[in-house]
Asker: 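For reference, the structure I am asking about is given below.
Throughout, numbering of the chain's residues begins at 1 and tracks the sequence. Values below: every heavy atom of this structure, side chains too, minus hydrogens, waters and symmetry copies.
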Amino acid sequence: WVCHASPLSPKGMCTPGTCTIYSQTELLHEILEDRAETHAEVWSCDDFTPGADPFPACDWDLRSGPNWGWNNIAGTQDPEGTGTALRVFYPEGSYVGHPDQGDMRSGSQWYHHNYGSYDELKLEDDVYFSENLDFVVGGNLPGFYGGEGSCSGGLYDDCFSSRFMWRSEGRLEIYGYVPAEECVWFCGDDPCPLTVCDFNFGHSFGRGAASLTVGKWHTIRQYIRMNDVGSANGVMRYYLDGSLRYEITGLTLRQISTVQ
């Protein structure tokens, strides 16, 4: 398998934002934020019949691809309780879940239809990794998407995505596809520790500010506030188990107002 990519580079600098790594005990920010905001639930699902197709139970409202891995997902019993969960299977020896890989594809991917247009949202998931999972080099978890197209495998001007991802040893990050002319003050450890820039395949925000472990439930939460068009004032945050662990401000997540 051969991948050819033409290198991209930042097209300009801008007024820098801020980048903050939080310790596990810094909960005050989260408490004050939750008290100050009015929360309106857009979508949720926690009912999965063991062994059954997970999609009829919830209003997933799937859109056309690129979707794959239907044989790798099913409802299952909560490994630590009496409830149910969505099981995602990563076969031994499998790698990037691409349809061309046949029996070697791992995990699953699907796109939800739009549940409305928002400039500010939170996404929260409870995740559990079985004790026999090897984190290897990494894997993707759910996240946000806005705009047109798939917004994967490169940087785009008409869409963005911000998926959670784990890296080796369970190091957590937000894996972001943002406009190609993104305000890139954050590249490098000097302005923004734990941020890794890749202008071909997306940036890693907050890599290792928190880590996931096997054999226990974790709650991961991502917060996104879109920038005003023409201004670099977007915000990303992520939380692990109720604790704010990473925040970056001064982002350009969109260049047109229809990206929400």
Side-chain angles (χ1 to χ4, degrees), residues 5-20 33 37-43 59-67 109-125 140-165 173-188 191-192 195-207 221-238 246-260:
S6 299
L8 295 174
S9 60
K11 297 184 179 181
M13 300 300 290
C14 55
T15 303
T18 61
C19 184
T20 309
E33 179 189 61
E37 293 182 0
T38 299
H39 298 279
E41 187 173 276
V42 177
W43 179 89
D59 180 23
W60 294 89
D61 194 15
L62 302 184
R63 50 159 273 191
S64 60
N67 301 322
Q109 173 177 295
W110 61 89
Y111 283 74
H112 288 236
H113 271 294
N114 190 358
Y115 291 101
S117 295
Y118 303 93
D119 290 331
E120 190 174 14
L121 274 176
K122 289 182 180 179
L123 175 68
E124 182 174 294
D125 291 289
N140 288 327
L141 293 165
F144 289 123
Y145 161 87
E148 303 294 333
S150 64
C151 215
S152 183
L155 304 182
Y156 299 85
D157 292 332
D158 59 354
C159 64
F160 87 100
S161 66
S162 59
R163 289 171 289 178
F164 270 119
M165 186 171 183
E173 68 177 54
I174 293 178
Y175 181 54
Y177 291 102
V178 296
E181 296 187 11
E182 156 72 56
C183 169
V184 293
W185 61 269
F186 51 78
C187 291
C192 198
T195 299
V196 181
C197 291
D198 186 328
F199 292 91
N200 289 313
F201 298 110
H203 305 316
S204 298
F205 295 97
R207 181 183 295 183
R221 176 189 290 183
Q222 177 182 157
Y223 168 85
I224 295 291
R225 187 173 73 223
M226 303 299 292
N227 62 286
D228 297 319
V229 175
S231 298
N233 59 355
V235 177
M236 281 184 182
R237 300 183 190 129
Y238 79 68
Y246 178 81
E247 177 180 62
I248 182 169
T249 67
L251 294 176
T252 300
L253 301 174
R254 61 178 173 184
Q255 295 176 327
I256 54 177
S257 60
T258 53
V259 175
Q260 293 180 302

Asker: Rounded to the nearest 0.5 Å, how far apart are CZ of Arg237 and NZ of Lys122?
Answerer: 7.5 Å
Asker: In Å, rounded to the nearest 0.5 Å, how long is the span from SG of Cys187 to CG of Asp198?
Answerer: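 If we round to the nearest 0.5 Å, Cys187:SG and Asp198:CG are 9.5 Å apart.
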Asker: Keeping the roles fixed (side chain from Trp185, backbone from Gly250), state whether a donor-acceptor pair exists under 3.5 Å.
Answerer: yes
Asker: Given side chains that start at C-beta, do those of Phe160 and Met226 come closer than 4.5 Å, heavy atoms only?
Answerer: yes
Asker: Between Gln222 and Arg163, what is the shortest heavy-atom contact and its length?
Answerer: NE2-C, 4.4 Å
Asker: Applying side-chain hydrogen bond (donor to acceptor under 3.5 Å, both in side chains), name anything that partners Thr20, two or more places apart in sequence or on another chain.
Answerer: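 Listed in chain order: nothing, the list is empty.
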Asker: Indicate the atoms forming the closest heavy-atom contact of Leu123 with Gly143, along with that distance.
Answerer: CD2-CA, 3.6 Å
Asker: Let me confirm one number: the CG-OG distance from Leu251 to Ser231, rounded to the nearest 0.5 Å.
Answerer: 13.0 Å
Asker: Cys pair Cys19/Cys192: SG distance under 2.5 Å?
Answerer: yes
Asker: Ile224 and Met236: which non-hydrogen atoms are nearest, and at how many Å?
Answerer: CD1-CG, 3.3 Å
Asker: Which heavy atom in Ile248 sits nearest to a heavy atom in Phe186, and how many Å separate them?
Answerer: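 Residues Ile248 and Phe186, closest heavy atoms: CD1-CB, 3.9 Å.
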Asker: How many angstroms lie between atom CD1 of Ile256 and atom OG1 of Thr258, to the nearest 0.5 angstrom?
Answerer: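 Rounded to the nearest 0.5 Å, the CD1-OG1 separation comes out at 3.5 Å.
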Asker: When you compare the side chain of His203 with that of Val178, does any pair of heavy atoms fall below 4.5 Å?
Answerer: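 Yes - at least one pair of side-chain heavy atoms lies under 4.5 Å apart.
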Asker: If you take all heavy atoms of Arg254 and Asn227, which pair is closest and at what distance?
Answerer: NE-O, 2.7 Å
Asker: If you compare all heavy atoms of Gln260 against all heavy atoms of Ser117, which two are closest, and at what distance to 0.1 Å?
Answerer: OE1-CB, 2.9 Å
Asker: So, Glu120 and Tyr223: side-chain donor and acceptor under 3.5 Å apart, yes or no?
Answerer: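 Indeed, the side chains of Glu120 and Tyr223 share at least one donor-acceptor pair under 3.5 Å.
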Asker: Between Tyr238 and Ser162, do the side chains contain an N or O donor and an N or O acceptor separated by less than 3.5 Å?
Answerer: no
Asker: Please lay out, stage by stage, how Cys197 and Phe205 fare under the test side chain to side chain contact (heavy atoms under 4.5 Å, CB included).
Answerer: CA-CA 8 Å; Cys197 291; Phe205 295 97; over 6 Å; no
Asker: So, do Tyr177 and Tyr175 have ring centers that fall under 6.0 Å from each other?
Answerer: yes
Asker: Would a 4.5 Å heavy-atom cut-off, applied to side chains only, mark Arg207 and Thr195 as touching?
Answerer: no
Asker: Apply side chain to side chain contact (heavy atoms under 4.5 Å, CB included) to residues Phe164 and Ile174 and explain how you reach the verdict.
Answerer: CA-CA 5 Å; Phe164 270 119; Ile174 293 178; 4.3 Å; yes
Asker: Just checking, is any N or O donor in the side chain of Asp228 or Asn233 under 3.5 Å from an acceptor N or O on the other one?
Answerer: yes
